[in-house]
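Inspection log for the structure reproduced underneath, given as structure tokens.
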Amino acid sequence: MAGPIQPARPLASAAYQRPRCLFRGNSALIWAQAGSPPASRFDKMYTSRRKIHKDKDAEPTEFEESVAQSFFDLENTNQELKSDLKDLYINAAAEIDVSGSKKAVVIHVPYRLRKAFRKIHVRLVRELEKKLSGKDVIVIATRRISRPPKKGSAAQRPRSRTLTAVHDAMLEDIVLPAEIVGKRVRYRLDGSKVMKVFLDPKERNSTEYKLETFSAVYRKLAGKEVVFEYPITEA
């Protein structure tokens with residue numbers, strides 16, 4: 001004889017269902033559950049990966065992921081930049097010591113996207129500096145230096161791939177939105193030399209507070225000493 005009918009078990013609340021494992025990674029389990037739980041570190045990792053493409057599919061550092069996440073957030077929350085950032089991404093990012101506790105963030109972007117980045121440079125840097133704790137932000141296009149051809153070889157190296165050309169172009173990127181209007185090389189008593197670079201005074205208000213950062217970034221990336229000034233204009 002059949003036993004008494006057991007009452008049906010109540011269905012799980014729509015607000016919560018038992019998490020189920022989607023897949024197991026090397027170091028963590030990624031879970032999914034009903035509702036909209038707060039974004040985890042893993043959620044942010046996969047959204048930020050859309051905005052950073054490293055050479056040879058290398059894994060971005062935690063800092064690079066945080067910078068890429070800032071780009072992703074701006075694309076989705078800043079109406080002024082939303083359409084411009086849609087197809088843009090970065091190659092790399094790093095912190096550089098300037099002086100004392102002051103640090104700068106150097107962001108490398110694809111060379112083919114440099115014009116699109118320059119178009120929004122002022123607005124983008126302003127918003128990124130807000131998100132990155134007020135650190136100075138420098139955006140530089142990724143360029144490659146080619147070795148000189150072997151003696152007797154018919155191959156020619158593009159002028160844009162020489163060490164001098166790459167360093168000059170890097171310098172122009174660093175000082176944006178200012179333009180370089182003059183250069184001078186000074187030799188010290190010990191035989192070392194320092195380059196003095198004159199910037200267009202029209203952008204003095206927006207770049208003067210970054211001159212120390214400009215020097216530190218160029219020294220780190222090119223290994224050369226440079227001092228930035230504005231030409232003296234007659235009253």
### Side-chain heavy-atom pair D84, E75 within 4.5 angstrom cut-off
no
## Note on the structure
In terms of heavy-atom contacts, K54 and A92 come closest through NZ-CB, 4.1 Å
### Query
Taking a hydrophobic cluster as the set of Ile, Leu, Val, Met, Phe, Trp and Tyr residues connected by side-chain heavy atoms closer than 4.5 Å, whether directly or through intermediates, do V67 and L113 fall within one such cluster?
yes
### Message
Quick check against the 3.5 Å criterion: does K202 have a side-chain atom that pairs as donor or acceptor with the backbone of A178?
### Response
no
### Query
Below 4.5 Å, heavy atoms only, C-beta onward: do V227 and M195 meet side chain to side chain?
no
### Query
Side chains of S215 and E212: donor-acceptor distance under 3.5 Å anywhere?
no
### Task
Taking all heavy atoms of I90 and all of P110, pick out the closest pair and write down the distance.
CA-CD, 4.3 Å
### Query
Take atom CD in E95; do more than 12 heavy atoms of anything else shown fall under 6.0 Å from it?
yes
## Note on the structure
Closest non-hydrogen contact found for V137 with V125 is O-CG1, 3.8 Å
### Task
Could you tell me whether the side chain of L171 reaches within less than 4.5 Å of the side chain of V197, counting heavy atoms only?
yes
### Neighbour count above 12 (heavy atom, 6.0 Å) for R126 CZ
yes
### Co-membership, hydrophobic cluster, residues I52 and L124, 4.5 Å side-chain
yes
### Task
Answer whether the closest heavy-atom distance between the side chains of Y218 and H167 falls below 4.5 Å.
yes
### Query
For Y111, is the NZ or CZ atom of R114 found under 6.0 angstrom from the centre of its six-membered ring and inside 45 degrees of the ring axis?
yes
### Message
Do Q69 and R49 have side chains that approach each other closer than 4.5 Å (heavy atoms only, starting at C-beta)?
### Response
no
### Task
May I ask you to check whether over 12 heavy atoms, not counting those of D190, lie within 6.0 Å of atom CG?
yes
### Message
Taking V109's backbone N and O only, do any of them form a donor-acceptor pair with T142's side chain (distance below 3.5 Å, no angle check)?
### Response
yes
### Exercise: identify the closest heavy-atom pair between V98 and K103
CG2-C, 4.0 Å
### Beyond-backbone contact of I180 with E172, side-chain heavy atoms, under 4.5 angstrom
yes
### Task
Identify the two heavy atoms, one from V217 and one from A104, that lie closest to each other, and give their separation to 0.1 Å.
CG2-CB, 4.4 Å
### Beyond-backbone contact of V194 with Y187, side-chain heavy atoms, under 4.5 angstrom
no
### Stepwise side chain to side chain contact (heavy atoms under 4.5 Å, CB included) test for Y89 and N91
CA-CA 7 Å; Y89 57 89; N91 290 139; 4.2 Å; yes
### Query
With a 4.5 Å limit on heavy-atom distance, are the side chains of E229 and L199 in contact?
no
### Query
Out of K196, K220, K193, R219, which residue meets the salt bridge (charged side-chain N to carboxylate O under 4.0 Å, His left out) rule with E225?
R219
### Query
Would you say the side-chain atoms of Y230 and T207 include a donor-acceptor pair closer than 3.5 Å?
yes
